[in-house]
Amino acid sequence: MISSYLIEEFYDGLLMIQPCFSAAEKLVHFLMGQEVWRRSGGKNHVIVMHHPNSMVIAREQLRSAMFIVADFGRYSPLIGNVEKDVVAPYKHVVPSFAKDFSSFESRNILLFFQGALFRKHGGYIRQKLYALLKDEKEVHFTSGNTQRNGIRAATEGMRSSKFCLNIAGDTPSSNRLFDAIASHCVPVIISDEIELPYEDVLDYTEFCIFVQSADAVKKGFLIRLLNSVKKEEWTRMWQKLKEVSHHFEYQYPVQPDDAVHMIWKAVARKLPSVRLSLHKGKRYSRSWLAKHRDSFFSLQKLDRG
């Protein structure tokens, strides 16, 4: 994580870094001491803060920059928001499903979830859904993680399921959504505060189902809703998942319209608003300079003296 390191110095063209407890504060000090930061107040900078806890103690001071985040679950709206910042996908944990010849009939599990059942904040809904769904036929709802055989079990389960639950946890999003996309398992998103990557160019309703939390916890609601999705509609969503899944793949070297390329395109789409803010910020710079010219020159004389 970026907050685990301190930018120390440039040496023979290389950026030297070393661990430091107060890295975030020292990074802020370093950035704000740079002329390129001062010229725009940081508005033309991009900072990757993808982990929900990244740079927590420095966010307020860096708020003028554009952040690349996983979601805004641990951000004040004044510091991080979808108008200013870019949402990037988590890297999926399960392998990509390159040769997916499955069908509506071959995916014999209606609904799949494997993950932690006890979470903080908005994640309380997981326990409610577990109580409602654990005994439902054609539903796989169990506790699990990435340890031991967890990834293999999740891979097999998602590839055998028509729908995969993405439920709010400690924060609105998680890698589970992107595991479902990589597995071409139609995501069922139950997370009222979620913000999604590239949603200004992708219509997620073409390959995801959104359910409000208040409806999801009504007895029988979720199963009735999913059973109402017939073969033709599900197949259309499954085909769309196969079309868009490459947008969520992190690759090296970067490929056209993969995750890295899509993130940079999202950054580029923010540039007009950044430029507008910078231009408006300069409106009264001449007046400000005129008002403070005398005190500025007085300080210069003192420095020379």
Side-chain angles (χ1 to χ4, degrees), residues 1-3 5-7 10 15 23-89 171-173 192-204 247 254 256-257 259-303:
M1 269 189 345
I2 190 170
S3 58
Y5 296 95
L6 158 66
I7 295 178
F10 287 94
L15 183 62
E25 296 97 331
K26 293 184 179 181
L27 178 59
V28 169
H29 181 75
F30 172 85
L31 282 174
M32 294 187 171
Q34 305 305 303
E35 177 58 29
V36 289
W37 179 279
R38 291 199 297 266
R39 276 202 300 266
S40 67
K43 290 180 181 178
N44 61 354
H45 284 58
V46 177
I47 301 176
V48 179
M49 294 189 178
H50 198 254
H51 191 281
N53 293 328
S54 290
M55 303 287 287
V56 171
I57 59 177
R59 291 174 183 177
E60 172 68 32
Q61 292 165 287
L62 301 175
R63 61 190 283 187
S64 58
M66 185 189 305
F67 298 157
I68 296 179
V69 302
D71 58 42
F72 299 104
R74 294 177 179 170
Y75 285 81
S76 157
L78 297 177
I79 293 174
N81 57 75
V82 74
E83 285 75 29
K84 175 179 76 74
D85 305 309
V86 169
V87 177
T171 58
S173 188
D192 298 343
E193 305 300 324
I194 197 169
E195 296 290 353
L196 297 163
Y198 345 122
E199 197 170 8
D200 56 334
V201 295
L202 284 185
D203 181 357
Y204 279 77
H247 295 320
V254 175
D257 290 329
V260 174
H261 193 197
M262 291 291 284
I263 291 166
W264 280 115
K265 286 177 23 173
V267 169
R269 291 193 296 274
K270 300 283 188 184
L271 292 183
S273 62
V274 172
R275 198 174 295 118
L276 173 64
S277 178
L278 287 172
H279 291 175
K280 291 180 74 172
K282 294 193 295 186
R283 285 179 177 179
Y284 303 108
S285 57
R286 188 180 296 273
S287 299
W288 186 92
L289 184 61
K291 283 194 295 184
H292 295 84
R293 184 177 287 121
D294 291 342
S295 57
F296 176 73
F297 286 127
S298 296
L299 286 171
Q300 279 193 323
K301 289 177 183 177
L302 286 171
D303 287 342

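All values derive from a computational prediction rather than experimental measurement.
No donor-acceptor distance shorter than 3.5 angstrom exists from the side chain of Lys84 to the backbone of Ser64, with no hydrogens or angles considered. Remark: the backbone N or O of Lys270 is paired with a side-chain donor or acceptor of Ser273 at under 3.5 angstrom. A distance-only check finds a donor-acceptor pair linking the side chain of Arg59 to the backbone of Ser54 [under 3.5 Å]. Judged by distance alone, with hydrogens and angles left aside, the side-chain atoms of Tyr75 form no donor-acceptor pair with the main-chain N or O of Val69 at under 3.5 Å. Using a distance-only test at 3.5 Å, with no hydrogens or angles considered, a donor-acceptor pair links the side chain of Tyr204 to the main chain of Pro197. The main-chain N or O of Asp257 is found under 3.5 Å from a side-chain atom of His247 such that the two form a donor-acceptor pair. At least one donor-acceptor pair closer than 3.5 Å links the side chain of Arg63 to the backbone N or O of Leu78.
Taking both residues in full, the closest heavy atoms of His50 and Ala88 are given as NE2-O, 3.0 Å, listed atom of the first, atom of the second, then distance. The nearest pair of heavy atoms linking Ala70 to Val87 is O-CG1, 3.4 Å. The heavy-atom pair separating Asp85 from Gly80 by the smallest distance is OD2-CA, 3.1 Å. Between Val36 and Asn44, the shortest heavy-atom distance links the atoms O-OD1, 4.1 Å.
Trp37 has its side chain within reach of Leu62: a pair of non-hydrogen atoms, C-beta onward, lies under 4.5 Å apart. Put simply, the side chain of Gln61 does not reach to within 4.5 Å of the side chain of Leu31, judged on heavy atoms. Here the side chains of Lys265 and Val201 are not in contact, with every heavy-atom distance at 4.5 Å or above. Inter-residue side-chain proximity for Thr171 and Phe72 is flagged as unmet; no heavy-atom pair is nearer than 4.5 Å.
From Leu27, atom CG reaches atom CE of Met55 across 4.5 Å, with rounding to the nearest 0.5 Å. The CG atom of Leu278 lies 11.0 Å from the CZ atom of Arg39; values are rounded to the nearest 0.5 Å. Rounding to the nearest 0.5 Å gives a distance of 13.0 Å between OG of Ser40 and CZ of Arg275. The CE atom of Met49 lies 13.0 Å from the CE atom of Met66; values are rounded to the nearest 0.5 Å.
Environment of CD in Glu193: sparse, with no more than 12 heavy atoms of neighbouring residues, nucleotides or ligands closer than 6.0 Å.
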